[in-house]
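Below: the structure, in C-alpha cells.
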Amino acid sequence: MNMPVRTRIAPSPTGAPHVGTAYMALFNLAFARKNGGQMILRIEDTDQSRSSNESETAIMESLQWLGIEWDEGPDKDGKFGPYRQSERKNIHAQHVQILRDKGHAYPCFCTANRLKDVRSEQMAKKETPRYDGHCLHLSQEEVENKITAGEKFVIRLKVPTDGECCFTDELRGEVKIDWKQIDHQILQKSDGYPTYHLANVVDDHLMRITHVIRGEEWISSTPKHVLLYKYFDWDTPIFAHLPLLRNPDKSKLSKRKNPTGINYYRDAGFLPEVISNYLGTMGYTLPDQREIFSIEELTQSFDIRRVSLGGPIFDLAKLKWLNGRYLREKLSEKEVVERMIDWKINSGFIQKIIPHALQRLENFSDFMPLSGFLFQDYPELELSSLIGKFDASDASKLIKTCEWELEKLAPWNRHQICKLFQNLAEKEDKKLKEILPLFFQVISGESVSLPLFDSIEILGPDLARLRLRKALEFLTSEGFGLSKKGLKSLEKDYRQKYGDRID
RNA sequence: GUCCCGUUCGUCUAGCCAGGUCAGGACACCGGGUUUUCAUCCCGGCAACAGGGGUUCGAAUCCCCUACGGGACGCCA
C-alpha cells in the first residue's frame, strides 16, 4: 500500500515569526507538493507559560504573506485534527498511559535542584549529562504513596542501558548514537502537558506524517523519537534533517546578530516572493542553477537529495540584490507602485504620522524630511550627534539595556513604550529628558523629529529593535562597544534591576 | 566536557552518489565601458576543493585519521 506523502511544519507559538520557520516550511511544502502530497501546519503550544495566541496568529499570517500554504491546520480543517497540540492533551495523556502500562515510561519525583546537581557532577566527571535513573527503581507502593501525598511528578521515558540507536537520515545516511548518550526524556511535565518529544511523535503518527523534514538541531534527539515509535509499535517516518541557517559568524541564526523576524523584512520593504526565493537558495540549487524562481518553480523540480549540508549563511547583501532584480525584472512599473502603496505609501500609514507631524508643518514639503526615517530601513548615524552629552560607552550600555527591555515589550503601543522609558530613566537614575535625545538619534538619526514614543510605535517592533542594534554596532565600530566582559556585567546588573528575564 | 553533524572562492553554490574537461555560475569586491551625477546595464579581473594518509594509471569525487566550524546535552521547541 502506498501512503500519500505528508509533511508538516510544527512551529511553537512563543515569539515573533522566524525566518527559520519559513525556511523549513518552504522545503516541507516543496517536497510534499512535488510528491503529490500534503503539508500540514501543527501548532506546538505545549509550553503553557510561553505560548500565545498572538504569536500563533502572527506566524500563520507571516507564512501566508510569504506564499507558503498548508493543506491542513488550525484554520483549515482536515481529517486529522485538531491541529493545535493544546487541544490534543487527552490524546497525549492516553498515549503516556499506554507507555506506562507497557512499562516503557515511569514517574519521577526528583526536584529541579537535584537534577541540576546530578548534571553538574556528570559534567565534572566528563560524562554526558543525563538522568541517573533515581526514580526508576521506586516500587509500585512508593510511587502510589508519593502520588497520594500530592508530590509533583513527571513521566520519563525508559531508555535501553546499552547498545546503540541506529536510524537513517535521508540526507546523511546511517546515524548511530549510543543509548548511553540518550537521556530519560521527560514525556509529560508536572502540569500534565506533554513535552515536544512525546506530542510530536504521537501527532506525527496520528496525522499520518510520512516524512519528517526538520532542522539539524533535532538529530541528537531523534533516538528518543525512534524509541517512542518502537514502543508504540508504529512505523517510523523518514527523517531528513536540513542544515540550519547561520549568522555571518557561522553560529545558528539569531536575532542578536541578524534580523530573524519575517516581519522585519516586510517592514523594511522586501517583497515576500523574494524572501521565499532567497530561502530556496539556502542549501539548495535548482537543477538548472537559475537563481530567480517562484515557490511553484522550486516545487516542480524539487529533489531533497540536492540539499547541501553545510550551514548556509544568511547574506543580507545578496537578498537585497535579489529584491532589486525583482523590482526591475519581475514587476512592471505599475506593479512596483502598487506594491509600494501596499507597503507604506498609503493614506493609512500617513494618517498615523500626521497627528504628530502637523504641529511641525508649514507646507507639505516639510513632511518628507520630517518623517522620512519612518520609511527607512535604518538611518545613518554620526557619533557626536548620537551620543550628545553622554559618554560613548555609557550610551552603549543604555542602548543595550533599552534593547533588552524593548525585546520584552508587549503589547507594542505608545503607552507601554512611554512606561518603558520612564522606568528606564528611573532605574538608571537619570531624568527622562536626559536620556531621550540619545534615543531620538538612535531611532531617527536626527535631533529634530517626531515624538519618540509615537515614532517607535509606528515603526513597529522589528524596525525599532533593529535600530538599537544598528546604533550599538555603530558605537562598536567607533571603538565604544561593549566588551564581552562589560556585556556580562551589564547583563548581571540588568537582571538585578529589571528582572531575571532576557529574551 | 560528552556525543552527533558538517567542511569547494570572503558569501550562496555547481561538480561528488555512477573517480578522468584550464574546478563552472551568482553575490560582494576591484578595474573598464555606456550614462550630464548616481544607480542600472555591459565587459573584464581577483578568488576555493581544510590538512595528512591511503585505494587507483588517475581523487574535489571512494576510505581512514587530524584540524576547524556548528548543533545537542531544559518540566523550551
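Just so it is clear: chains get the letters A, B, ... in the order the sequence lines come, proteins before strands, and each one is counted from 1. This structure is a prediction, so every number in the text was calculated from the model and none was measured.
- For B:rG10 and B:rU55, the P atoms lie 32 Å apart once the distance is rounded to whole Å.
- In terms of polar N and O atoms assigned as donor or acceptor, the side chain of A:S220 never comes within less than 3.5 Å of the base of B:rC3 in a complementary pairing.
- Look at A:T285 and you'll find a side-chain N or O under 4.0 angstrom from OP1 or OP2 of B:rA14.
- OP1 or OP2 of B:rC76 lies within a sub-4.0 Å distance of a side-chain N or O belonging to A:K189.
- Base-pair partner of B:rA50: B:rU66 (Watson-Crick or G-U wobble, both distances under 3.5 Å).
- Under the Watson-Crick and G-U wobble criteria, each requiring two contacts below 3.5 Å, nucleotide B:rU40 is left unpaired.
- Distances from the side chain of A:P129 to the nucleotides B:rA14, B:rC75, B:rC73 place B:rC73 closest.
- As rounded to the nearest Å, B:rG15 and B:rG25 have P atoms that lie 15 Å from one another.
- In this structure, the nucleotide among B:rG71, B:rC5, B:rU13 sitting nearest to the side chain of A:P312 is B:rU13.
- Looking at A:E142 and A:S139, their side chains do bring a donor and an acceptor atom within 3.5 Å of each other.
- Looking at the side chain of A:T195, the nearest of the listed nucleotides B:rC12, B:rA77, B:rG71 is B:rA77.
- Of the residues listed (A:K224, A:R130, A:Q185, A:Q181), the one engaging A:V159 in a side chain to side chain contact (heavy atoms under 4.5 Å, CB included) is A:R130, and it is the only one.
- Each of B:rG69, B:rC3, B:rC75 was ranked by its minimum atom distance to the side chain of A:K250; first place goes to B:rG69.
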Stepwise side-chain hydrogen bond (donor to acceptor under 3.5 Å, both in side chains) test for A:S49 and A:D47: CA-CA 6 Å; A:S49 60; A:D47 185 340; 2.9 Å; yes
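- Across B:rC22 and B:rC49, the matching C1' atoms stand 15 Å from one another, rounded to whole Å.
- Minimum atom distance to the side chain of A:E291 is reached by B:rA26, of the listed B:rG71, B:rA26, B:rA77.
- Taking a pair to require two hydrogen-bonding distances under 3.5 Å in either a Watson-Crick or a G-U wobble arrangement, B:rC9 remains unpaired.
- Taking the side chain of A:R306 as heavy atoms from C-beta on, and the options B:rC12, B:rA14, B:rA77, the nearest nucleotide is B:rA14.
- Nearest nucleotide to the side chain of A:D47, out of B:rC3, B:rA28, B:rC76: B:rC76.
- No hydrogens or angles were tested; on distance alone, a donor-acceptor pair under 3.5 Å links the side chain of A:K318 to the base of B:rA26.
- Contact between the side-chain N/O atoms of A:R119 and the OP1/OP2 oxygens of B:rC73 is not found at any separation under 4.0 Å.
- Remark: the A:Q289 side chain and the B:rG24 base include a donor-acceptor N/O pair separated by less than 3.5 Å.
- Across all strands, A:C110 comes closer than 4.0 Å to base atoms (heavy-atom distances).
- Here the separation of B:rU66 from B:rU2, taken at their P atoms, is 13 Å to the nearest Å.
- Pair check for B:rG19 finds none; no Watson-Crick or G-U wobble contact set falls under 3.5 Å.
- Comparing B:rG70 with B:rU21, their P atoms are spaced 35 Å from each other, to the whole Å.
- Across the C1' atoms, B:rA28 and B:rA48 are found 15 Å apart, a figure rounded to whole Å.
- Partner assigned to B:rG45 is B:rC29, using Watson-Crick or G-U wobble distances below 3.5 angstrom.
- Between A:G310 and A:F153, the one whose closest nucleotide on RNA chain B sits nearer the 5' end is A:G310.
- Checked against B:rA14, B:rC4, B:rG74, the side chain of A:I219 finds its nearest nucleotide in B:rC4.
- With B:rC75, B:rU13, B:rC5 as the candidates, the nucleotide lying closest to the side chain of A:L115 is B:rC75.
- Side-chain proximity of A:K252 to the nucleotides B:rG71, B:rA77, B:rC27 is greatest for B:rG71.
- Distance, A:N277 CG to B:rC12 P: 17 Å, rounded to whole Å.
- Aromatic rings from A:W179 and A:H184 are positioned such that their centres are separated by 6.0 Å or more.
- Spacing between B:rC57 and B:rG19 at atom C1', rounded to whole Å, works out to 12 Å.
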A:N247 and A:S254: CA distance, side-chain angles, deciding distance, side-chain hydrogen bond (donor to acceptor under 3.5 Å, both in side chains) verdict: CA-CA 7 Å; A:N247 296 313; A:S254 66; 3.2 Å; yes
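- Comparing the C1' positions of B:rC65 and B:rU11 gives a spacing of 30 Å, expressed to the nearest Å.
- Residue A:R325 is out of contact with every strand shown, counting any heavy-atom pair closer than 4.0 Å.
- A:R100 CZ to A:K102 NZ: the interatomic distance, rounded to the nearest 0.5 Å, is 15.5 Å.
- Taking the six-membered ring for Trp and the full ring otherwise, the centers of A:Y265 and A:F314 sit less than 6.0 Å from each other.
- As the counterpart of B:rG71, B:rC3 is assigned, both hydrogen-bonding distances of the Watson-Crick or G-U wobble pattern falling under 3.5 Å.
- Distance check: A:K180 NZ to A:I182 CD1 gives 12.0 Å after rounding to the nearest 0.5 Å.
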